[in-house]
Amino acid sequence: MAAPVRVRVPAGASPEPLPVQLLPCRVQHDGPAPVAAFLRARPGPGGDLWASFRGRRLGGRELPLPPGYTGVVLRGGEPGEPPLGDPQAGSVTVTGTFGAITDWGGDTVPPPGRGLARALQWGPLAQALHAPVTEDSEEEAEP
């Protein structure tokens with residue numbers, strides 16, 4: 001059985017809202033990065049975004065999280081504790097929040113009905129499937 005993980009929220013002001021990018025490549029870095037210096041998005045038709053990263057053309061779209069959801073950015077443990085992802089990790093700290101993810105595709109904008117866009121549809125669907133059923137909702141469902 002996995003060990004419980006404590007989530008720490010810093011006292012005082014709420015965590016800073018951060019931009020979150022999902023890139024179609026592997027970047028050998030884990031942590032904050034000066035993304036704006038390397039990934040300058042320009043608006044295109046239909047709300048699409050276009051940029052280049054390391055000489056490669058990227059097409060993107062900002063995908064808001066479903067209503068009622070907030071994303072959190074976590075930092076693993078304190079010095080001396082195992083890193084995030086380690087099954088023995090004792091705690092994580094909330095370092096930021098986000099309400100949207102920019103989904104980037106190589107050379108094209110990711111299709112709206114696939115990948116991350118499709119995954120973001122599961123939260124509201126799961127809530128609807130697991131919502132309590134009342135007599136009123138049963139009567140509405142009958143033909």
Side-chain angles (χ1 to χ4, degrees), residues 1-138 140-141:
M1 185 168 148
V5 175
R6 291 170 290 166
V7 178
R8 296 180 185 162
V9 179
S14 59
E16 174 185 358
L18 299 171
V20 174
Q21 316 282 331
L22 179 61
L23 296 171
C25 60
R26 182 180 210 120
V27 177
Q28 297 294 326
H29 177 71
D30 186 14
V35 175
F38 302 105
L39 187 69
R40 294 190 180 116
R42 293 180 177 82
D48 296 340
L49 299 170
W50 294 97
S52 64
F53 183 70
R54 294 185 176 175
R56 301 273 182 154
R57 181 177 174 192
L58 301 175
R61 177 179 290 120
E62 187 171 272
L63 301 172
L65 297 183
Y69 284 75
T70 300
V72 293
V73 178
L74 303 173
R75 184 183 73 229
E78 295 296 322
E81 286 189 7
L84 184 61
D86 186 317
Q88 301 300 318
S91 65
V92 293
T93 302
V94 176
T95 60
T97 62
F98 59 95
I101 302 173
T102 305
D103 188 17
W104 294 99
D107 292 327
T108 62
V109 176
R114 299 183 61 194
L116 179 61
R118 191 168 205 172
L120 290 174
Q121 296 172 356
W122 279 102
L125 178 62
Q127 283 182 320
L129 286 172
H130 296 286
V133 177
T134 63
E135 288 183 27
D136 293 338
S137 62
E138 288 177 4
E140 291 174 11

Quick one, Phe98 and Leu65 - any side-chain contact, counting heavy atoms below 4.5 Å? yes
State, to 0.1 Å, how close Gly59 and Pro110 come at their nearest heavy-atom pair, and which atoms those are. O-CD, 3.4 Å
Can you name the nearest heavy-atom pair linking Pro24 to Gly106, along with the distance? CG-N, 3.7 Å
For the student: nearest non-hydrogen atoms of Val109 and Leu49, plus distance: CG2-O, 4.5 Å
On a heavy-atom basis, which atom in Val94 and which in Pro15 lie closest, and how many Å separate them? CG1-CG, 3.6 Å
Donor-acceptor contact below 3.5 Å, side chain Thr95 vs main chain Val73: yes
Are Thr93 and Leu74 side-chain neighbours, meaning at least one heavy-atom pair lies under 4.5 Å? no
Looking at side-chain heavy atoms only, is the closest gap between Leu39 and Trp104 below 4.5 Å? yes
Between Leu116 and Ile101, is the side chain to side chain contact (heavy atoms under 4.5 Å, CB included) condition met? List the steps. CA-CA 9 Å; Leu116 179 61; Ile101 302 173; 3.6 Å; yes
Atom OG of Ser52 and atom CZ of Arg42: how far apart are they, to the nearest 0.5 Å? 7.0 Å
Using every non-hydrogen atom in the two residues, find where Ala51 and Ala41 come nearest and quote the distance to one decimal. CB-CA, 4.0 Å
What residue pairs, at least two apart or across chains, pass side chain to side chain donor-acceptor pair (under 3.5 Å) with a residue in residues 106-124? none
To the nearest 0.5 Å, what is the distance between CG on Leu129 and CD on Gln127? 10.5 Å
Any chance you could measure Leu58, atom CG, to Asp103, atom CG, to the nearest 0.5 Å? 11.0 Å
What pair of heavy atoms forms the shortest contact from Glu62 to Ala100, and how long is it? CG-CB, 3.7 Å
Taking the side chain as every heavy atom from C-beta outward, state whether Cys25 and Phe53 have any atom pair closer than 4.5 Å. yes
Can you check whether Leu22 reaches Thr102 side chain to side chain, under 4.5 Å on heavy atoms? no
